[in-house]
There are 2 protein chains.
Amino acid sequence: MGGGTQATPDRILDVAEAMFAASGYRAVSVRAITRECGVNIAAIHYHFGSKEALLEQIFAKRSAAINNARFRLLEACRAAPGRPPMLEQILEAYLRPSLVLPNGDAGARRFMRLRAILAHEHADMSKNLISKHFNHVSGTFLGALMKELDHLPAKVVYWRFHFLLGAQYFTLADPGRIQILSEGACDPSDSDTALAELVAFTAAGFRAPPSPHDALILGNVLP
Amino acid sequence: MGGGTQATPDRILDVAEAMFAASGYRAVSVRAITRECGVNIAAIHYHFGSKEALLEQIFAKRSAAINNARFRLLEACRAAPGRPPMLEQILEAYLRPSLVLPNGDAGARRFMRLRAILAHEHADMSKNLISKHFNHVSGTFLGALMKELDHLPAKVVYWRFHFLLGAQYFTLADPGRIQILSEGACDPSDSDTALAELVAFTAAGFRAPPSPHDALILGNVLP
DNA sequence: AAACGTTTCAAACAAGTGTTTGAACAGTGT
DNA sequence: ACACTGTTCAAACACTTGTTTGAAACGTTT
């Protein structure tokens with residue numbers, strides 16, 4: 001990996017991932033990708049078979065690396081159980097590999113942004129891809145969280161993990177909303193700050209006592 | 001509003017909103033919309049001018065209703081300050097109009113899902129639309145939150161509002177992830193539960209003490 | 001040098017995109 | 001009856017989409 005020249009298929013994978021992450025899957029045509037690579041239009045179909053197969057290759061290549069890092073960090077948590085607080089450790093183990101660039105490579109972050117965009121843009125296609133590549137790691141971390149929060153009903157933990165995913169995706173996709181609202185004070189591409197803030201926020205959210213339905217009070221105000 | 005027949009432009013607005021919310025903006029063609037409406041292809045350009053202008057009309061029509069409801073609910077909070085806890089009241093005032101169907105109309109929820117999808121699919125276009133229609137209400141609620149959390153640095157409140165937006169969008173867009181992970185136990189289209197869980201989670205997140213950067217501990221574990 | 005499988009290329013394919021056009025239609029007021 | 005308005009329609013516009021094709025160029029091996 002790194003600089004220099006790379007074989008045509010690898011270069012296509014790289015360029016396509018970058019363009020998909022920047023503009024979405026539908027918006028980027030095979031012509032735009034091959035033009036950017038300086039290769040012929042037919043190259044994508046020769047090397048990968050189709051535009052969709054190219055996307056699947058990107059998923060296969062990236063998700064393994066990210067999930068391996070997550071498992072390694074989760075092991076590191078268990079190796080030092082005395083280091084408080086465990087909930088924050090688990091959350092950081094899950095979030096860090098997707099948010100912070102490994103080895104200065106922008107790859108993982110870029111891919112996770114692509115994943116976030118695809119989840120919204122192409123729901124049916126991405127549902128299969130994400131299930132295939134992320135069900136295992138998500139299930140493992142859900143188990144770890146439930147063990148740590150065994151006083152909570154499983155349903156509540158699922159909901160809170162769902163909110164965690166939403167906050168993570170929104171940070172990775174970075175639609176620019178927080179920059180506008182904070183007038184530039186906050187920037188999701190500041191990975192270290194984003195990670196620290198997200199861990200603190202979600203840890204507190206997971207620790208919240210389970211709320212009964214009738215805790216909502218404004219329901220009868222609207223006409 | 002309601003059942004029965006409606007004028008052609010209104011019907012186009014309605015059908016287009018539903019189709020955009022279901023599949024995204026790019027994926028739905030003007031031909032598909034007009035076919036679904038049973039009108040001629042030229043109808044969209046005659047009544048609205050362009051496909052993009054149609055989208056803007058949808059935004060203009062919906063955002064006013066949602067934001068009015070939010071302001072009304074925020075006023076209701078202030079009218080009864082003794083009713084604890086105020087933070088949950090503010091959050092519910094912000095979230096309820098987007099999550100729970102008003103008057104049994106699926107409209108607001110559908111539109112907010114469209115907004116969530118558009119934010120990811122068509123970042124540049126939606127940034128302007130969302131700024132135009134939602135900066136005011138977001139700013140007002142940010143102010144209310146900061147007043148309630150005046151012990152926190154403004155930056156931290158911005159970050160946490162950003163996470164709130166992410167969790168909200170993810171719930172509205174409903175990419176199906178939580179159903180898979182929870183094996184059907186949780187469903188974002190169960191609005192009341194989603195609202196109650198989201199308010200409880202984010203309220204706890206906002207109440208978290210500000211975390212120093214060095215609270216992260218796993219940074220040196222990765223190779 | 002000849003033959004090989006692999007890779008690249010320009011060109012075309014069929015289908016779909018947003019948009020425009022000019023004629024036909026409806027309804028109302030004079 | 002006519003003219004004037006707002007609306008609908010089939011057809012075409014110029015363009016882009018993903019994909020396929022068959023010939024040319026390549027580097028190896030025999």
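Residue numbers start from 1 in every chain, and the chains themselves are labelled A, B, ... in the order their sequence lines are given, proteins ahead of strands.
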(request) Measure across A:Thr202 and A:Leu198 and return the closest heavy-atom pair with its distance rounded to 0.1 Å. (result) OG1-O, 2.7 Å

(message) Can you pull out every ring pair (Phe, Tyr, Trp, His ring centres under 6.0 Å) where at least one residue sits in residues 22-53 of chain A? Sequence neighbours excluded, please.
(response) A:Phe20-A:Tyr25, A:Tyr25-A:His122

(request) Measure across B:Ser98 and B:Gln168 and return the closest heavy-atom pair with its distance rounded to 0.1 Å. (result) OG-NE2, 2.8 Å

(message) Let me check I have this right: for DNA chain D, each base becomes ., (, ), [, ] or |, based on Watson-Crick or G-U pairs with both distances under 3.5 Å. What is the full string?
(response) .||||||||||||||||||||||.|||||.

(request) Check B:Cys77 against B:Ala93 and note the closest heavy-atom contact, atom names and distance. (result) SG-CB, 4.2 Å

(message) Taking the cut-offs as 6.0 angstrom to the six-membered ring centre and 45 degrees off its axis, would you call A:Arg115 and A:Phe134 a cation-pi pair?
(response) yes

(message) Using a strict heavy-atom distance below 4.0 Å, which residues from residues 30-46 of chain B are in contact with DNA chain C?
(response) B:Val30, B:Arg31, B:Ile41, B:Ala42, B:His45

(message) Give the residues of residues 18-29 of chain B touching DNA chain C, defined as any heavy atom closer than 4.0 Å, sorted by residue number.
(response) B:Val28, B:Ser29

(request) Could you pull out the closest heavy-atom pair between B:Ala194 and B:Pro188, with the gap in Å? (result) CB-O, 4.0 Å

(request) Give me the first and last nucleotide of DNA chain D, going 5' to 3', that has any atom under 4.0 Å from a heavy atom of chain B. (result) D:dG6 to D:dA12

(message) Tell me the interatomic distance from B:Ile12, atom CD1, to C:dG18, atom P, rounded to whole angstroms.
(response) 14 Å

(request) Please report the closest heavy-atom contact between B:Phe161 and A:Leu181, naming both atoms and the distance. (result) CE2-CD1, 3.8 Å

(request) Answer yes or no: is there a donor N or O on one side and an acceptor on the other, between the side chain of B:Ser191 and the main chain of B:Leu99, under 3.5 Å? (result) yes

(request) Only counting residues at least two apart or in another chain, list the ones meeting salt bridge (charged side-chain N to carboxylate O under 4.0 Å, His left out) with B:Glu121. (result) none

(message) How long is the straight-line distance from OH of B:Tyr94 back to CG of B:Leu145, given to the nearest 0.5 Å?
(response) 9.5 Å

(message) I want to check one thing: is the phosphate of C:dT8, taken as OP1 and OP2, less than 4.0 Å away from some side-chain N or O of A:Thr8?
(response) yes

(message) Looking only at the aromatic ring of each residue, does the gap between the centers of B:His136 and B:Phe71 stay below 6.0 angstrom?
(response) yes

(message) Check B:Asp14 with B:Arg110, please: is the shortest side-chain N to carboxylate O separation under 4.0 Å?
(response) yes

(request) Grab the CG-P distance between B:Leu55 and C:dG18 for me, whole Å please. (result) 13 Å

(request) For the pair A:His133 and A:Phe59, name the ring-plane relationship: parallel under 30°, tilted 30 to 60°, perpendicular over 60°. (result) tilted

